[in-house]
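Both counts, for ligands and for their atoms, begin at 1 and track the order of listing.
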Amino acid sequence: MANSNLKYLIAGTGGVGGSIAAFLSLSGKDVTCIARGEHLAAIRGNGLQLHSDLKGEHCLKVAAFTAEEFQGKADVIFVCVKGYSVDSITELIKRASHERTVVIPILNVYGTGPRIQRLVPGVTVLDGCIYIVGFVSGRGEITQMGKIFRLVYGAHRSTIVSRETLEAVQRDLQESGIKADISDDIDRDTFVKWSFISAMAVTGAYYDVPMGEVQKPGKVRDTFIGLSQESAALGRKLGIEFKEDIVEYNLKVIDKLAPESTASMQKDMAKGHQSEVQGLLFDMITAAEEQGIEVLTYRMVAEKFK
Ligand SMILES: NC(=O)C1=CN([C@@H]2O[C@H](COP(=O)(O)OP(=O)(O)OC[C@H]3O[C@@H](n4cnc5c(N)ncnc54)[C@H](OP(=O)(O)O)[C@@H]3O)[C@@H](O)[C@H]2O)C=CC1
Ligand SMILES: CC(C)(CO)C(=O)C(=O)O
C-alpha cells in the first residue's frame with residue numbers, strides 16, 4: 001500500500017464518522033462518505049458542515065453515497081455505525097474491498113472487529129476504538145466538542161497486516177489532526193473502552209441521571225463501581241492483561257467528565273430511539289455467562305431494560 005493517496009470510505013457519517021471524514025477531508029485526503037436519507041441529501045446539496053472545537057467552522061465538499069449506491073473500492077474503510085447497524089453495511093464492505101483493503105471499526109461495542117471479520121471472511125478486518133465527543137447536530141451537520149480526538153487501532157493476533165499499512169493510516173490521521181495510536185494489544189484496548197462506556201451508559205440509563213451523580217458517593221456511584229468490577233473480572237478471565245486497575249481507571253475517567261455528561265446510549269433511550277443496549281449491557285452478561293463469571297449488578301440493572 002502506498003504511503004499517501006489512500007482512499008478512505010467512511011461507513012456511517014454520524015458523530016464519529018462525520019468528524020473523521022471532515023478532518024481527513026480538511027487535510028486533503030481522498031474521502032467518501034456513506035450516509036442516507038435527509039442527512040445524505042444535505043451533504044450532497046450543501047456539503048458536510050463541521051462545527052469543531054478543534055478545527056472551527058467548515059463546509060466541505062465530500063463525495064457521498066448510500067451503502068447500496070457506492071460501487072467504488074477503498075483502501076481503508078472506517079466502520080462508524082452503531083452496533084445495531086453493522087449488518088446493514090456488510091455487503092458494502094465486501095463490495096468496496098480489494099485484496100489490500102483494511103477495515104477499521106471504531107465502535108464502543110467490544111468484539112465488533114471479530115464480528116465483522118466473521119461476516120466478511122476474505123477481507124482484512126482490524127479493530128479499534130475512539131475517544132471523541134461528536135454528534136449529528138442537523139441535516140448534513142456534525143459537531144465535534146472538546147479537545148480530545150484520539151483513535152486507537154490495530155490487528156488481532158490472528159490477523160495479518162503490514163506495519164507499513166498501519167503507519168500509512170497513522171500518518172494520514174495525524175496529518176489531519178486526529179491523534180492516532182497503533183495498539184500493541186487491541187483486544188485489551190477495545191475491552192477497556194467497553195468496560196468504561198458500558199458502566200457509564202448503563203448506570204446513567206438505569207438511574208436516569210447525568211454523570212455528576214456518579215461522581216458523588218452513594219448508591220449511583222456504587223452501581224458504577226459494581227459494574228466496573230464485574231467487567232474487570234470478565235476481562236481477567238478472558239486473559240486480558242490490563243495496564244492498570246480497571247475500576248480505578250473507570251473512576252478516574254468518570255470523575256473528569258463534565259457533571260452534565262450522559263452517554264449516547266442513555267440519550268438514545270431517553271428519545272425512544274434504537275440504542276446500543278444490546279452491545280453495552282446484554283452482550284456483557286452473555287460473555288460473562290460463557291466465562292462462568294457472576295455479574296449480579298449487571299443482572300440487577302438488566303431487569304429494567306428487558
Ligand atoms: N458519538 C460519540 O461521541 C462517540 C461514539 N462512539 C461510538 O461510535 C459508534 C458510532 O457512534 P455515533 O457516531 O455517535 O453514531 P451516529 O448514530 O451519530 O452515526 C452513525 C451514522 O451511520 C448511519 N448509518 C447507519 N447505517 C447506515 C447504512 N446502512 N447506510 C448509511 N448510513 C448508515 C446512521 O444513519 P441513521 O441516523 O439514518 O441511522 C448515522 O448517521 C458507536 O458505537 C458509538 O458508541 C464512541 C466514542 C464517542
Ligand atoms: C465518550 C462518549 C461518552 C461521548 O459521548 C461516548 O463514547 C458515548 O456517548 O457513547
Would you check if the side chain of Gln278 reaches a backbone N or O of Ser275 as a donor-acceptor pair within less than 3.5 Å?
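Not confirmed, Gln278 side chain does not pair with Ser275 backbone.
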
Any donor and acceptor pair, going by atom type alone, linking the side chain of Arg95 with main-chain N or O of Ala67 inside 3.5 Å?
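Yes; judged by distance alone, with no hydrogens or angles, the pair exists.
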
State, without any angle test, whether [X] and [Y] hold a side-chain donor-acceptor pair at a distance under 3.5 Å.
X: Asp189; Y: Ser183; result: yes
X: Gln49; Y: His58; result: no
X: Ser85; Y: Ser88; result: no

May I ask you to identify the nearest protein heavy atom to [atom], giving residue, atom name and distance to one decimal place in Å?
atom: atom 1 (N) of ligand 1; result: Gly134 O, 2.8 Å
atom: atom 10 (C) of ligand 1; result: Cys80 O, 3.5 Å
atom: atom 19 (O) of ligand 1; result: Gly14 CA, 3.1 Å
atom: atom 43 (O) of ligand 1; result: Glu276 OE2, 2.7 Å
atom: atom 9 (O) of ligand 2; result: Ser264 N, 2.8 Å
atom: atom 7 (O) of ligand 2; result: Asn108 ND2, 3.1 Å
atom: atom 23 (C) of ligand 1; result: Gly12 CA, 4.0 Å
atom: atom 29 (N) of ligand 1; result: Ser88 OG, 2.8 Å
atom: atom 9 (C) of ligand 1; result: Val81 O, 3.7 Å
atom: atom 35 (O) of ligand 1; result: Arg36 NE, 3.6 Å
atom: atom 2 (C) of ligand 2; result: Ile197 CD1, 4.1 Å

Can you list the ligand 1 atoms lying under 4.0 Å from a non-hydrogen atom of [X]?
X: Ile130; value: 46 (C), 47 (C)
X: Ser85; value: 25 (C), 26 (N)
X: Ile34; value: 31 (C)
X: Lys193; value: 46 (C), 47 (C)

Is ligand 2 under 4.0 Å from a heavy atom in the side chain of [X], in the backbone, in both, or in neither?
X: Met265; answer: neither
X: Ile132; answer: backbone
X: Lys193; answer: side chain

In the structure I gave you, are the side-chain heavy atoms of His39 and Val136 within less than 4.5 Å of one another anywhere?
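Answer yes - side chains close enough.
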
Pick, from Val79, Ile132, Asn108, Leu92, the option with the minimum heavy-atom distance to atom 6 (N) of ligand 1.
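Result: the heavy atom closest to atom 6 (N) of ligand 1 is in Asn108.
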
Under the side chain to side chain contact (heavy atoms under 4.5 Å, CB included) rule, what do Cys129 and Trp194 come out as? Steps first, then yes or no, please.
CA-CA 9 Å; Cys129 56; Trp194 188 48; over 6 Å; no

Run the side chain to side chain contact (heavy atoms under 4.5 Å, CB included) check on Ser264 and Phe135 step by step: do they pass?
CA-CA 9 Å; Ser264 51; Phe135 52 93; over 6 Å; no

salt_bridge(Asp87, Arg115) N-O dist < 4.0 Å:
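Judged by the 4.0 Å cut-off on N to carboxylate O distance, Asp87 and Arg115 do form a salt bridge.
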
If you measure from each non-hydrogen atom of Leu107 to ligand 1, which part falls under 4.0 Å: side chain, backbone, both or neither?
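Near ligand 1, Leu107 shows its backbone as well as its side chain.
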
With a heavy-atom distance limit of 4.0 Å, tell me whether Ala35 approaches ligand 1 through its side chain, its backbone, both, or neither.
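Just the backbone.
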
Inspect the surroundings of NZ in Lys7 and state if more than 12 heavy atoms from other residues, nucleotides or ligands are less than 6.0 Å away.
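Not more than 12 within 6.0 Å, no.
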
Close approach of Thr66 to ligand 1, heavy atoms, under 4.0 angstrom:
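No, Thr66 has no heavy atom closer than 4.0 Å to ligand 1.
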
Heavy-atom distance from atom 37 (O) of ligand 1 to the protein below 4.0 Å?
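It does not; no protein heavy atom is within 4.0 Å.
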
Let's go through Leu166 and Val161 carefully: what are the C-alpha distance in whole Å and the side-chain angles of both, what is the deciding distance for side chain to side chain contact (heavy atoms under 4.5 Å, CB included) to 0.1 Å, and is it a yes or a no?
CA-CA 8 Å; Leu166 296 174; Val161 64; 4.1 Å; yes

Considering distance alone, does some N or O of Ser264 sit under 3.5 Å from an N or O of ligand 1?
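No: no nitrogen or oxygen of Ser264 is under 3.5 Å from one in ligand 1.
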
Using distance alone, determine whether Val16 and ligand 1 share an N or O pair under 3.5 Å.
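Val16 vs ligand 1: N/O contact under 3.5 Å present.
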
Cation-pi check for Tyr131 against Lys193: NZ or CZ below 6.0 Å from the six-membered ring centre and within 45 degrees of the axis, yes or no?
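Cation-pi check for Lys193 and Tyr131: passes.
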
Is the ring pair Tyr8/Phe78 parallel, tilted or perpendicular, if the boundaries are 30 and 60 degrees?
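It falls in the parallel class, under 30°.
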
Using 30° and 60° as the class boundaries, would you call the ring planes of Phe191 and Tyr110 parallel, tilted or perpendicular?
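Aromatic pair Phe191/Tyr110 classed perpendicular.
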
Test salt bridge (Lys or Arg N to Asp or Glu O under 4.0 Å) applied to Arg221 and Asp255, step by step:
CA-CA 10 Å; Arg221 189 171 178 87; Asp255 288 341; 2.9 Å; yes

Atoms in ligand 2 flagged as close to Met200, the criterion being non-hydrogen separation under 4.0 Å:
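Result: 3 (C).
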
